[in-house]
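So the structure is just underneath, and the comments pick up after that.
Quick note: numbers below take in every heavy atom, side chains included, and nothing from hydrogens, waters or symmetry partners.
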Amino acid sequence: MKTIMILAAGNVVAGGIVGLMDVFSFTNTLYRRLHPEATQDLFHCHIVSSDGEAITTNQGFQLAAMGLTDAAQLQAADAVVLASSLVTNKAEFKEYSQDFAPLLEPLKVYAETGKPIAAYCSGTLMLAASGLLENRRATTVWWLSQMFERNFARVNLCMDTLVVSDGQFHTAGATTSNLSLALHLVGLLAGEALAQQMAKILLIDPNRSSQQPFMTMAITPQQHQDELVGKIQQWMQSNLDKNWLLDEIAQKFALGKRTLIRRFKKALNETPASYMQRLRVDEAKRLLETTELALEQIVERVGYEDVSSFRKLFIQLTSLSPRAYRQKFNTHTCC
């Protein structure tokens, strides 16, 4: 029997925690089919709250939870998972941190056992807040990646992978990545063969390895106080169809080139050139999703002349070719 302890705080995302537990529950059902002689389930899951009281989900209903009488109780688990709470801004993250705080010390003690610790979606921010991820590779929900980088600069954030493992730590990206993380834990604790069988039963694509195709700048506005940079961002968005040089942009806004780069890096943590590239790829993604324009036409509309170089950039930022992206996301494309 393997014990999974799921650490949760208020406003926990209902589907995330229930979906995670469903994977282990269905795995128990399959295990009993394969091993009729088994006298107990393979996995036992327990939700743990800081005070032992029920957890209120983001949907307003409650999930029963147990408390911890001492650190040894958590140490007996075979794996610990940090459940995500609904976090969309700094204030919600602060509230989540306060609710979760009493669980951090027991988590640090558990980490000394070397056994698996996992987190998904906003739960990865809480794992980073514990200090356990410093100088390690990890991933997080893509639309909170900037918040993650601002708060946890010592973590090597990897946004091109759905599930990232570094030693005993296993992190996953947004929302439904909790299913991939659960299968990952099944593989660690019960073998890859069983995990593969469950992937087929639950229709969880084992090749869904990256968050990149799903990322969009439309719902991740950068929050900063530099008004001029904000104006430049708006101008860039409206002038994607021309291949502007940095010197031309700087001159238009009465800045030196070095000053433009410095202010962009300070406000957005990236250069004007890389920001413009992401804008162009984002617009190309929109056109691939909503039109039947040829790639050559799309490339021209986003200010590129060389189709080959743009295709390479697109693959770099999305992990898919433009053709594969269109096949995946354009619902009007005929089969």
Donor-acceptor pair, [X] side chain versus [Y] backbone, under 3.5 Å?
{"X": "N178", "Y": "G16", "answer": "yes"}
{"X": "S145", "Y": "V141", "answer": "no"}
{"X": "T124", "Y": "A119", "answer": "no"}
{"X": "D41", "Y": "F43", "answer": "no"}
{"X": "D241", "Y": "R301", "answer": "no"}
{"X": "T139", "Y": "C158", "answer": "yes"}
{"X": "W244", "Y": "N239", "answer": "yes"}
{"X": "T318", "Y": "L320", "answer": "yes"}
{"X": "N151", "Y": "M147", "answer": "yes"}
{"X": "R154", "Y": "E134", "answer": "no"}

For the [atom1] atom of [X] and the [atom2] atom of [Y], what is their distance to the nearest 0.5 Å?
{"X": "I4", "Y": "I47", "atom1": "CD1", "atom2": "CD1", "result": "13.0 Å"}
{"X": "I201", "Y": "F26", "atom1": "CD1", "atom2": "CZ", "result": "10.0 Å"}
{"X": "Q277", "Y": "L317", "atom1": "CD", "atom2": "CG", "result": "7.0 Å"}
{"X": "M236", "Y": "K242", "atom1": "CE", "atom2": "NZ", "result": "14.5 Å"}
{"X": "W235", "Y": "L240", "atom1": "CH2", "atom2": "CG", "result": "9.5 Å"}
{"X": "L246", "Y": "M276", "atom1": "CG", "atom2": "CE", "result": "8.5 Å"}

Would you say [X] and [Y] make side-chain contact, with heavy atoms under 4.5 Å?
{"X": "F169", "Y": "L132", "answer": "yes"}
{"X": "N269", "Y": "F264", "answer": "no"}
{"X": "Q237", "Y": "L279", "answer": "yes"}
{"X": "L82", "Y": "F100", "answer": "yes"}
{"X": "L255", "Y": "I232", "answer": "yes"}
{"X": "E289", "Y": "Y325", "answer": "yes"}
{"X": "R280", "Y": "N243", "answer": "yes"}
{"X": "V12", "Y": "N58", "answer": "no"}

Q. Side-chain donor-acceptor pair under 3.5 Å between H170 and S165, yes or no?
A. yes
If you look at every heavy atom in [X] and [Y], which pair is closest and at what distance?
{"X": "T171", "Y": "L133", "value": "CG2-CD1, 4.4 Å"}
{"X": "I17", "Y": "Y120", "value": "N-OH, 3.4 Å"}
{"X": "G19", "Y": "L179", "value": "O-CD2, 3.7 Å"}
{"X": "S321", "Y": "I315", "value": "CA-CG1, 3.7 Å"}
{"X": "V48", "Y": "L68", "value": "CG1-CG, 3.7 Å"}
{"X": "L103", "Y": "A8", "value": "CD1-O, 3.8 Å"}

ILVMFWY network linking [X] to [Y], side-chain heavy atoms under 4.5 angstrom:
{"X": "V13", "Y": "W143", "answer": "no"}
{"X": "L181", "Y": "V164", "answer": "no"}
{"X": "M66", "Y": "L74", "answer": "yes"}
{"X": "M1", "Y": "M21", "answer": "no"}
{"X": "V18", "Y": "L20", "answer": "yes"}

Review point. For the residue pair F314 and F310, does the interplanar ring angle fall in the parallel (under 30°), tilted (30 to 60°) or perpendicular (over 60°) class?
Key: tilted
Can T290 and N330 be said to form a side-chain contact (heavy atoms from CB on, under 4.5 Å), step by step?
CA-CA 6 Å; T290 60; N330 190 325; over 6 Å; no
- Please test E283 against R286 for salt bridge (Lys or Arg N to Asp or Glu O under 4.0 Å), starting from the C-alpha separation and ending with a verdict. CA-CA 5 Å; E283 175 63 8; R286 186 188 70 79; 2.8 Å; yes
| field | From CA spacing to verdict: side chain to side chain donor-acceptor pair (under 3.5 Å), S177, S180 | value | CA-CA 5 Å; S177 68; S180 297; over 6 Å; no
Here the side-chain hydrogen bond (donor to acceptor under 3.5 Å, both in side chains) pairs for residues 245-268, sequence neighbours left out, are D226-R263
The complete set of side-chain hydrogen bond (donor to acceptor under 3.5 Å, both in side chains) pairs with one or both residues in residues 92-114, sequence neighbours excluded, reads T88-E92
Taking the basic N atoms (NZ, or NE/NH1/NH2) and the acidic carboxylate oxygens, is any pair closer than 4.0 Å for K115 and D78? no
For residues 49-56, run the donor-acceptor check on the side chains, cut-off 3.5 Å, and write out each pair with its distance to 0.1 Å, sequence neighbours left out.
from	atom 1	to	atom 2	distance (Å)
S49	OG	D51	OD1	3.4
S49	OG	G52	N	2.9
S49	OG	E53	N	3.2
S49	OG	E53	O	2.8
D51	OD1	E53	N	2.9

- What's the verdict on side-chain contact (heavy atoms from CB on, under 4.5 Å) for T291 and R326, showing C-alpha distance, side-chain angles and the deciding distance? CA-CA 9 Å; T291 75; R326 170 169 272 164; 3.8 Å; yes
Would you sort out whether R137 and D166 count as a salt bridge (Lys or Arg N to Asp or Glu O under 4.0 Å), showing the intermediate values? CA-CA 6 Å; R137 297 172 63 251; D166 190 335; 5.5 Å; no
Just do the side-chain contact (heavy atoms from CB on, under 4.5 Å) check on L260 and F253 with the steps written out, would you? CA-CA 9 Å; L260 173 65; F253 288 91; over 6 Å; no
Review point. Going through the distances and angles, do L7 and V81 end up as a side-chain contact (heavy atoms from CB on, under 4.5 Å)?
Key: CA-CA 6 Å; L7 307 186; V81 181; over 6 Å; no
